[in-house]
Amino acid sequence: MRKYTPSLFALLLCASLSSGVAADPTAAPVPSLLPTPIASQQSDKLKAQRAQFKQALKALKKGQIKSFRRHQSQLEDYVLHPYLQQSYLLKRINLKHRLEIKEFLDTYKNAAVTVPIRFRFLRMLARKKQTALFLTYYQPTSDINLQCHWLNFRLKTNEQRNDIFTQAKRLWLHGKSRPKSCDPVFKALIDNKELNDDLVWQRMILAAKARQSGLIRYLTSLLSKERQNSGSHLLKSVRRPEHLTNLHKSNIPTEDMGQIAASTLSKLVWRDKDRALKLLDKISSKIQFTYEQKKIIARHFALSLATSGHQRAGEWLENIPPHEQDDKLIRWKLVNDLRQLDWQQVNNWVKRTPAPKDDESSWLYWRGRSESQLGQNQLTQNTFDQLSRKRNYYGFLASAHIDQAPSLESKTFHFEPLLLTALKQSEGLQRAKELYLIDRKIDARREWYRFKRQRSFEEQKHLAVIAHEWGWHNQAIISLAETRLFDAVDMRFPIAYQELMKNASKQKQLDMSWSLAIARRESAFMPDARSRVGALGLMQLMPQTARYVAKKERVKLHSTRQLLNPELNIKLGTSYLKRLLDEHEGNNILATASYNAGKHRVKKWIALDQEIPTDVWIETIPYHETRAYIKNVLAYQQIYTRILGSDDNLFKQIVGSTIGNAEPKQSP
């Protein structure tokens with residue numbers, strides 16, 4: 001039997017933990033990991049190939065085609081040889097080179113290397129109206145432009161149109177305007193009488209939710225004359241919700257009237273709760289709502305009022321029948337009771353109501369917490385003892401309540417050494433590794449994802465081991481989550497960028513486990529991570545924040561692209577954490593919340609007239625993202641604290657503490 005050891009460093013750090021990965025005792029022994037003369041020769045050859053690969057690309061960039069071709073011919077046995085031809089063709093996406101492009105796409109078929117070539121080729125073919133070629137090389141894509149071009153070209157063939165129209169209707173039902181490339185296929189729907197009033201009206205309601213007045217106006221023109229008045233009133237209500245008070249006087253169908261009101265109110269209540277409540281009171285007796293419309297209004301009002309802690313939240317939550325309560329409503333009913341610190345009601349609710357899906361630990365914790373507040377000491381001990389075995393936020397909280405060491409609940413994953421070897425020898429995986437090593441991260445991920453999708457579930461588990469071995473932490477973390485290997489603690493929580501994290505944390509007098517936990521939660525240690533809102537790098541810094549911190553720290557930041565550099569990102573990220581920690585007088589919970597949601601927003605969540613238990617304050621944060629973020633960071637920090645060799649239970653800082661009066665205080 002041979003034990004898998006990712007690295008000597010990881011083994012030393014995790015000595016106090018049971019390993020997350022172990023070899024199958026029935027499997028054949030793994031060959032020695034020590035370098036051999038043959039391996040050394042292969043390594044030298046690979047280094048030379050990498051250098052020549054870069055020279056070839058440099059020659060191509062300078063337009064030195066003969067030099068490029070010479071290097072290309074000498075690299076035919078290099079695993080990234082296809083990427084040279086890809087680079088050459090990407091600059092020549094036109095009809096003149098279509099034969100070379102077709103040959104490339106046919107040679108590599110569905111390989112990841114073809115993705116950017118195929119995308120640009122299809123866009124060019126669409127512009128040039130090359131129907132046959134486009135349909136030949138089109139593959140399913142998330143790009144709406146290409147989807148619409150595909151449907152348009154299919155309309156020109158003798159193909160059965162039912163499927164085309166079905167696909168077109170799916171694209172049609174969207175609350176915002178679609179690209180112009182979709183216009184022809186939408187026109188075909190209209191011309192073939194495939195767009196009835198119901199489909200147009202459905203899209204108008206979606207547009208109303210997105211507050212797209214221009215789209216509503218256009219869609220109204222597509223309605224039959226009998227329904228155009230409904231469209232006009234929908235537009236007026238979107239622009240000015242108070243128009244609903246005149247809706248009952250309009251000559252429109254009763255169901256349309258109810259839908260206009262339900263859609264408008266459901267949107268308004270999230271922007272202006274009191275205004276929505278007053279408006280509903282005025283129109284409730286004038287508009288005849290269907291049961292479904294009443295249900296939509298009730299759900300939006302209950303959730304909106306509950307998330308903001310509105311005084312009428314309990315009333316709306318109580319009025320929703322039990323059979324209409326989904327997991328989200330059930331959870332916010334609990335939160336509303338917690339806000340009132342009504343521990344008897346909390347206890348009654350969690351005992352008689354099944355826990356929302358995947359939320360059993362939360363339910364068990366608040367049961368124990370309420371038992372404690374009600375003086376039911378033995379029940380409290382039993383509940384928290386059961387929960388303390390869990391390696392999560394609530395398990396760590398429970399262990400702090402009963403003064404036990406937090407459990408990491410680490411287990412071994414038995415792997416097949418021969419399967420690992422076979423996977424490593426696969427061409428697709430070799431390309432992914434080589435691209436990763438030469439820092440072509442986007443291409444590396446394409447190769448990795450394409451390869452992973454084609455593997456069995458068992459093989460995907462082994463891919464997590466391989467990614468960890470390479471130091472490709474974010475892919476290891478993703479694969480472990482996808483294959484539910486949650487107990488492989490050493491792989492899920494690597495000490496990534498150790499020296500950079502250690503030095504930056506020490507310089508700012510921060511706990512290194514906190515810095516690691518923030519980076520683990522923000523990017524899963526993906527150095528080139530980019531969020532949909534523009535946050536960049538390991539610690540997901542917003543450019544504006546980074547510029548502010550850089551100025552304060554006297555660090556030169558010429559371009560936001562510099563934030564993809566791990567050293568600079570960690571330096572600025574830890575500096576920002578330190579500033580937030582100082583602003584909140586050392587309270588890392590408020591600092592963590594501010595790192596995610598912004599310090600100004602967090603200040604609004606702190607009660608000025610009362611002190612709230614810290615665990616209750618976290619649970620009642622109105623933003624789901626920030627609630628989950630704080631819980632994850634706290635749990636990750638606890639795990640990293642253990643991995644770094646300390647037995648401290650960090651959750652003791654939460655037990656007995658409060659947040660309120662603009663500043664956190666410790667209970668006596």
Side-chain angles (χ1 to χ4, degrees), residues 90 93-95 98 101-102 105-106 109-110 114-232 234-235 238 256 259-260 263 446 453 532:
L90 279 173
I93 304 295
N94 51 50
L95 289 176
R98 65 184 179 278
I101 296 169
K102 286 168 59 181
L105 294 175
D106 290 340
K109 297 190 183 301
N110 298 321
T114 65
V115 171
I117 295 287
R118 188 182 305 276
F119 180 78
R120 294 193 194 181
F121 187 48
L122 288 171
R123 293 194 71 172
M124 184 273 293
L125 293 175
R127 289 195 307 272
K128 301 292 184 180
K129 303 189 186 311
Q130 297 290 311
T131 302
L133 277 176
F134 187 98
L135 292 176
T136 299
Y137 289 99
Y138 177 83
Q139 287 185 352
T141 175
S142 60
D143 186 271
I144 301 300
N145 267 303
L146 290 182
Q147 288 183 45
C148 284
H149 284 307
W150 175 57
L151 294 175
N152 292 335
F153 285 132
R154 288 176 67 192
L155 283 171
K156 296 181 180 181
T157 69
N158 292 323
E159 189 177 345
Q160 289 286 336
R161 297 199 165 193
N162 287 342
D163 180 63
I164 299 174
F165 290 148
T166 299
Q167 298 277 359
K169 289 173 185 177
R170 180 180 57 80
L171 293 173
W172 167 265
L173 288 172
H174 192 270
K176 295 186 178 180
S177 294
R178 289 306 205 177
K180 288 186 177 181
S181 56
C182 297
D183 290 350
V185 73
F186 290 164
K187 185 177 184 301
L189 286 176
I190 296 169
D191 292 345
N192 287 272
K193 302 189 185 308
E194 291 286 335
L195 272 186
N196 56 30
D197 272 2
D198 285 342
L199 276 172
V200 175
W201 185 251
Q202 284 180 53
R203 191 176 183 193
M204 291 180 73
I205 295 299
L206 294 173
K209 290 178 180 177
R211 295 181 63 79
Q212 297 292 303
S213 298
L215 181 56
I216 295 172
R217 189 186 305 109
Y218 162 70
L219 293 171
T220 299
S221 69
L222 300 181
L223 288 171
S224 63
K225 290 183 180 180
E226 294 77 13
R227 299 275 302 269
Q228 286 195 359
N229 199 24
S230 295
S232 175
L234 175 62
L235 181 58
V238 167
D256 285 2
Q259 201 162 15
I260 291 170
S263 175
R446 280 198 191 115
R453 282 200 302 268
R532 57 183 176 80

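By convention here, the first residue in the shown sequence is residue 1. Every value quoted in this text rests on a predicted model; they were computed, and no experiment measured them.
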Participant: Is a side-chain N or O of N152 found less than 3.5 angstrom from the main chain of S181, in a donor-acceptor match?
Facilitator: yes
Participant: Quick one: OG1 on T220 to CG on N229, what's the gap to the nearest 0.5 Å?
Facilitator: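 Answer for the OG1-CG pair, T220 versus N229, is 10.0 Å.
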Participant: With a 4.5 Å cut-off on side-chain heavy atoms, are I216 and L234 touching?
Facilitator: yes
Participant: Examine distances only and state if a side-chain atom of R203 and a backbone atom of L173 form a donor-acceptor pair shorter than 3.5 Å.
Facilitator: no
Participant: Quick one: list whatever passes ring pair (Phe, Tyr, Trp, His ring centres under 6.0 Å) with Y138, sequence neighbours left out.
Facilitator: F134, W150
Participant: Enumerate the residue pairs fulfilling salt bridge (Lys or Arg N to Asp or Glu O under 4.0 Å) with a member in residues 167-188, sequence neighbours excluded, ordered by first and then second residue.
Facilitator: K169-E194, K187-D191
Participant: Could you give the distance from CD (Q139) to OG1 (T136), rounded to the nearest 0.5 Å?
Facilitator: 12.0 Å
Participant: Compare all side-chain heavy atoms of I260 with those of M204 and state whether any distance is below 4.5 angstrom.
Facilitator: no
Participant: Counting C-beta onward and ignoring hydrogens, is there a side-chain heavy-atom pair between K209 and I205 closer than 4.5 Å?
Facilitator: yes
Participant: Without swapping roles, check the side chain of S263 against the backbone of Q259 for a donor-acceptor pair under 3.5 Å.
Facilitator: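 Side chain of S263 to backbone of Q259: no pair is present.
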Participant: Ignoring hydrogens and geometry, is there a side-chain-to-backbone donor-acceptor pair from R118 to K109 under 3.5 Å?
Facilitator: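 Such a contact is found between R118 side chain and K109 backbone.
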Participant: Counting only heavy atoms not in K156, do more than 12 sit closer than 6.0 Å to its NZ atom?
Facilitator: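 Yes, the 6.0 Å shell around NZ holds more than 12 heavy atoms from other groups.
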Participant: Applying disulfide (SG to SG under 2.5 Å), which residue pairs with at least one partner in residues 127-222 are found, sequence neighbours left out?
Facilitator: C148-C182
Participant: Atom OG1 in T141, atom CG in L122: separation rounded to 0.5 Å?
Facilitator: 8.5 Å
Participant: Checking the side chain of R123 only, and the main-chain atoms of L146 only, is there a donor and an acceptor separated by less than 3.5 Å?
Facilitator: no
Participant: How long is the span from the CZ atom in R98 to the CD1 atom in I93, to the nearest 0.5 Å?
Facilitator: 13.5 Å
Participant: Using a 4.5 Å cut-off on heavy atoms from C-beta on, say whether the side chain of P184 contacts that of L155.
Facilitator: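 SC-SC contact between L155 and P184 ruled out.
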Participant: Kindly determine whether I164 and Q167 satisfy side chain to side chain contact (heavy atoms under 4.5 Å, CB included), including the steps that lead there.
Facilitator: CA-CA 5 Å; I164 299 174; Q167 298 277 359; 5.9 Å; no
Participant: What heavy-atom pair brings S213 and V238 nearest, and what distance separates the two atoms?
Facilitator: OG-CG1, 4.2 Å
Participant: To the nearest 0.5 angstrom, please state how far the CD1 atom of I101 sits from the OG1 atom of T114.
Facilitator: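 Answer rounded to 0.5 Å: 12.5 Å.
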Participant: Mind checking side-chain contact (heavy atoms from CB on, under 4.5 Å) for A168 and listing every partner two or more places apart, or none if nothing turns up?
Facilitator: L151, V185, L189
Participant: R154: which residues meet the salt bridge (Lys or Arg N to Asp or Glu O under 4.0 Å) condition with it, sequence neighbours left out?
Facilitator: E159, D163
Participant: Apply side chain to side chain contact (heavy atoms under 4.5 Å, CB included) to L206 and H174, showing your working.
Facilitator: CA-CA 6 Å; L206 294 173; H174 192 270; 5.6 Å; no
Participant: Going by heavy atoms in the side chains, are Q147 and L171 under 4.5 Å from each other?
Facilitator: yes
Participant: With sequence neighbours left out, write down each residue that passes ring pair (Phe, Tyr, Trp, His ring centres under 6.0 Å) with W172, or none if nothing qualifies.
Facilitator: F186
